[in-house]
Amino acid sequence: MNSNDNQIPPSGVRGLKNDLFLRALKGETVQRPPVWMMRQAGRYLPEFIALRDKYDFFTRCQTPELAAEITVQPIRRIAPDAAILFSDILVIPQAMGIDVEMKPNFGPYLPNPIRTIQDVEKVIVPDVHETLGYVFDAIKLTKEMLNDEVPLIGFAGSPWTIMCYAVEGKGSKSFDMAKGFCFQHPEAAHVLLQKITDTTIAYLIEKVKAGVNAVQIFDSWGGMLSPVDYQEFSWKYINQIIEALADHAPVIVFGKGCWFALNEMGKSRASALGVDWTCSPRNARYLSGGNITLQGNFDPSRLLSPIPVIKKMVHEMIDEFGKDKYIVNLGHGILPNIPVDHAKAFVDAVKEYGQ
């Protein structure tokens with residue numbers, strides 16, 4: 001896709017009423033940092049639970065009206081500075097011909113995991129319009145419902161993280177099978193990672209065309225790899241995605257447990273880097289080179305603290321990161337047992353900063 005193809009208007013041109021998030025991604029000076037929460041469209045909200053009880057997981061993902069409604073629920077309820085499309089990283093392997101189920105009280109389950117070179121050869125790079133059109137429809141519908149109130153974020157899993165599920169067949173504390181596959185069959189692993197990368201690039205470009213204002217890559221299991229293996233099996237593929245998207249939309253990279261890669265990430269064309277709660281703001285600034293926008297990194301469990309403590313800690317966190325080149329977020333997704341008023345207090349604390 002060349003740069004003249006379906007040119008994307010620069011952020012802010014679309015008449016957004018609140019473009020604070022996009023301004024922070026550009027590194028502009030702001031009155032206060034923007035705030036949103038990973039997994040904000042989800043399981044801590046009673047209105048989400050009502051839909052969850054009525055429709056199964058992938059029905060919610062694949063029905064544009066449901067996905068759009070779930071995306072805007074937190075905008076109405078806690079009013080963050082950005083919306084993130086309700087979807088799942090595992091729609092990519094589904095589109096590539098890999099069966100994915102979401103089992104209640106278990107999580108993702110892939111009944112036919114990839115374990116051999118022959119399995120890799122069967123994996124397709126799909127036409128994303130045919131296989132993932134429902135996502136692009138959900139984006140268009142969500143944009144209408146948001147009515148230019150806040151920007152919309154699209155996302156995908158990193159190729160390594162997707163591969164972890166594809167090989168392991170389920171969640172894991174260590175993803176030993178996925179790592180073993182890489183080390184025993186490196187050529188096949190790289191073929192699979194490249195297929196996932198190619199699919200993800202096509203998917204995210206179409207998301208931007210459909211209307212998302214920024215994209216985030218979730219490398220949830222990047223921290224499972226050693227720094228050397230991270231370069232080979234994760235970062236080089238993430239960087240391909242950044243390079244393909246950077247001229248079309250801001251790209252945020254969030255690697256959980258990947259503090260060791262912040263320096264390399266900081267040299268890329270990413271607009272921002274997500275940081276988990278195990279890395280201090282000072283270290284994150286130092287390791288990333290001090291010039292790139294950072295996002296994070298409140299411990300999600302800390303939202304169980306009393307509201308006055310949450311507000312105090314949020315203000316301290318902003319002081320430590322600095323208000324510019326910073327997006328307030330959690331260090332991972334919000335937990336299901338967080339009271340809604342505590343989530344709102346987190347957002348409100350940021351809005352009250354400096355007043």
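All of these numbers come straight from a predicted model, not from anything done at the bench. The residues of the chain are indexed from 1 along the displayed sequence.
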(message) Main chain of F155, side chain of K207: is a donor-acceptor contact present, judged purely on distance under 3.5 Å?
(response) yes
(request) State yes or no: do I334 and F57 share one hydrophobic cluster built from I, L, V, M, F, W and Y residues joined by side-chain heavy-atom distances below 4.5 Å, directly or via other members? (result) yes
(request) Assess whether atom NZ of K54 is packed by more than 12 heavy atoms of other residues, nucleotides or ligands within 6.0 Å. (result) no
(request) Report yes or no: does H315 contribute a side-chain atom to a donor-acceptor pair with the main-chain N or O of A349 at less than 3.5 Å? (result) yes
(message) Quick check: closest heavy atoms across V350 and P33, and the distance to 0.1 Å?
(response) CG1-O, 3.2 Å
(request) Kindly give the heavy-atom pair with the smallest separation between L335 and R43, and that separation in Å. (result) CA-NH2, 4.4 Å
(request) Kindly indicate whether the side chain of I338, heavy atoms from C-beta on, has any atom under 4.5 Å from the side chain of P300. (result) no
(request) Working to the nearest 0.5 Å, report the span between NZ of K325 and OG of S271. (result) 11.5 Å
(message) Using modelled atom types and a 3.5 Å cut-off, is there a donor and acceptor pairing between side-chain atoms of S172 and backbone atoms of S174?
(response) yes
(message) Less than 4.0 angstrom from a charged side-chain N to a carboxylate O is my criterion; do E316 and K312 meet it?
(response) yes
(request) Taking all heavy atoms of Y230 and all of I238, pick out the closest pair and write down the distance. (result) OH-CD1, 3.7 Å
(message) Test your reading of the model: is there a side-chain donor-acceptor pair from D324 to the backbone of G27, 3.5 Å cut-off?
(response) no
(request) Keeping the roles fixed (side chain from D19, backbone from L22), state whether a donor-acceptor pair exists under 3.5 Å. (result) no
(message) Run R39 and Y44 through side-chain contact (heavy atoms from CB on, under 4.5 Å) and show every step you take.
(response) CA-CA 9 Å; R39 288 204 175 149; Y44 68 104; over 6 Å; no
(request) Test the K256-F218 pair against the cation-pi criterion, namely NZ or CZ under 6.0 angstrom from the six-membered ring centroid and within 45° of the ring axis. (result) no
(request) Name the orientation class of the two ring planes belonging to F298 and F346 (parallel below 30°, tilted from 30 to 60°, perpendicular beyond 60°). (result) tilted
(message) Apply side-chain contact (heavy atoms from CB on, under 4.5 Å) to residues L66 and Y55 and explain how you reach the verdict.
(response) CA-CA 9 Å; L66 292 175; Y55 304 98; 3.7 Å; yes
Name the atoms and distances for all side-chain donor-acceptor pairs under 3.5 Å in residues 108-124, with sequence neighbours left out.
from : atom 1 : to   : atom 2 : distance (Å)
N112 : ND2    : D99  : OD2    : 3.4
R115 : NE     : V167 : O      : 2.8
R115 : NH2    : V167 : O      : 3.2
R115 : NH2    : E168 : O      : 3.2
T116 : OG1    : Q118 : N      : 3.4
T116 : OG1    : D119 : N      : 3.0
T116 : OG1    : D119 : OD1    : 3.4
T116 : OG1    : D119 : OD2    : 3.2
D119 : OD2    : R115 : N      : 2.9
D119 : OD2    : T116 : N      : 3.2

(message) Has R285 got a side-chain atom pairing as donor or acceptor with N291's backbone, closer than 3.5 angstrom?
(response) no
(message) Any side-chain to backbone donor/acceptor pair from T71 onto F86? Under 3.5 Å, distance only.
(response) yes
(request) Can you tell me which residue pairs pass the ring-ring contact (aromatic ring centres under 6.0 Å, His included) test with a partner in residues 60-80, sequence neighbours excluded? (result) none
(message) Are L141 and V128 connected into the same hydrophobic cluster when the rule is that any two of I, L, V, M, F, W, Y join if their side-chain heavy atoms are below 4.5 Å apart?
(response) no
(request) Flag the pair I75 / P80 as yes when at least one side-chain heavy-atom distance between them is below 4.5 Å, and no otherwise. (result) yes
(message) Quick one, M163 and C182 - any side-chain contact, counting heavy atoms below 4.5 Å?
(response) yes
(message) Just so I know, are the side chains of K179 and W221 near enough to count as touching, which here means a heavy-atom distance under 4.5 Å?
(response) no
(request) Tell me yes or no: between the side chains of Q194 and D198, is some donor less than 3.5 Å from an acceptor? (result) yes
(message) Has K195 got a side-chain atom pairing as donor or acceptor with M96's backbone, closer than 3.5 angstrom?
(response) no
(request) Report yes if the side chains of L20 and R23 come closer than 4.5 Å at any heavy-atom pair, otherwise no. (result) yes
(message) Between L262 and C279, does the side-chain contact (heavy atoms from CB on, under 4.5 Å) criterion hold? Intermediate values first, please.
(response) CA-CA 10 Å; L262 284 172; C279 186; 4.3 Å; yes
(request) Indicate yes or no for a side-chain donor-acceptor contact from D276 to the backbone of G331 under 3.5 Å, with no hydrogens or angles considered. (result) no
(request) Measure the spacing between CD1 of I196 and CD1 of I98 and express it to the nearest 0.5 Å. (result) 6.5 Å
(message) Testing the basics here: between K170 and F175, what is the closest heavy-atom pair and its distance to 0.1 Å?
(response) O-CE2, 3.6 Å
(request) Spell out, as yes or no, whether a donor-acceptor pair under 3.5 Å connects the side chain of N18 to the backbone of E149. (result) no
(request) Work out which heavy atom in R269 is nearest to a heavy atom in I242; give both atom names and the distance. (result) C-CG2, 3.6 Å
(message) Apply side-chain contact (heavy atoms from CB on, under 4.5 Å) to residues Q295 and F21 and explain how you reach the verdict.
(response) CA-CA 11 Å; Q295 176 178 277; F21 170 73; 4.3 Å; yes
(message) Please tell me whether Y326 and W259 are part of a single hydrophobic cluster in this structure, the criterion being side-chain heavy atoms less than 4.5 Å apart.
(response) yes
(message) Is the shortest side-chain heavy-atom distance between D88 and Q94 below 4.5 Å?
(response) no
(message) Show the nearest heavy-atom pair for residues I139 and V212, with the distance to one decimal.
(response) CD1-CG1, 3.7 Å
(request) Look at atom CH2 of W277 and say whether more than 12 heavy atoms of other residues, nucleotides or ligands are closer to it than 6.0 Å. (result) yes
(request) State whether the number of non-hydrogen atoms from other residues, nucleotides or ligands found under 6.0 Å of M177 atom CE is greater than 12. (result) no
(request) Nearest 0.5 Å please: distance from the CG atom of L85 over to the CD atom of Q216. (result) 13.0 Å
(request) Is it possible for you to say whether I307 and L303 belong to one hydrophobic cluster, with membership spreading through side-chain heavy-atom contacts below 4.5 Å? (result) no
(message) For E69, is there an ion pair with R60 - N to carboxylate O distance below 4.0 angstrom?
(response) no
(request) Measure the spacing between CE of M317 and CG of D299 and express it to the nearest 0.5 Å. (result) 10.5 Å
(request) Could you check if a side-chain atom of T293 sits within less than 4.5 angstrom of a side-chain atom of I327, using non-hydrogen atoms only? (result) yes
(message) For R52, is the CZ atom crowded, meaning more than 12 foreign heavy atoms sit under 6.0 Å from it?
(response) yes
(request) Tell me, yes or no, whether the heavy-atom count around Y286 atom OH, taken from other residues, nucleotides or ligands under 6.0 Å, exceeds 12. (result) no
(message) Quick check for you: to the nearest 0.5 Å, what is the distance between I89 atom CD1 and T200 atom OG1?
(response) 10.0 Å
(message) For the CE atom of M38 and the CD atom of Q40, what is their distance to the nearest 0.5 Å?
(response) 10.5 Å
(message) Is there a continuous path of hydrophobic side-chain contacts, each under 4.5 Å between heavy atoms, that joins V125 to V135?
(response) no
(message) I'd like to check E47 versus R77 (side-chain heavy atoms, cut-off strictly below 4.5 Å). Are they in contact?
(response) yes
(request) Would you please name every residue forming a ring pair (Phe, Tyr, Trp, His ring centres under 6.0 Å) with Y237, sequence neighbours left out? (result) H190
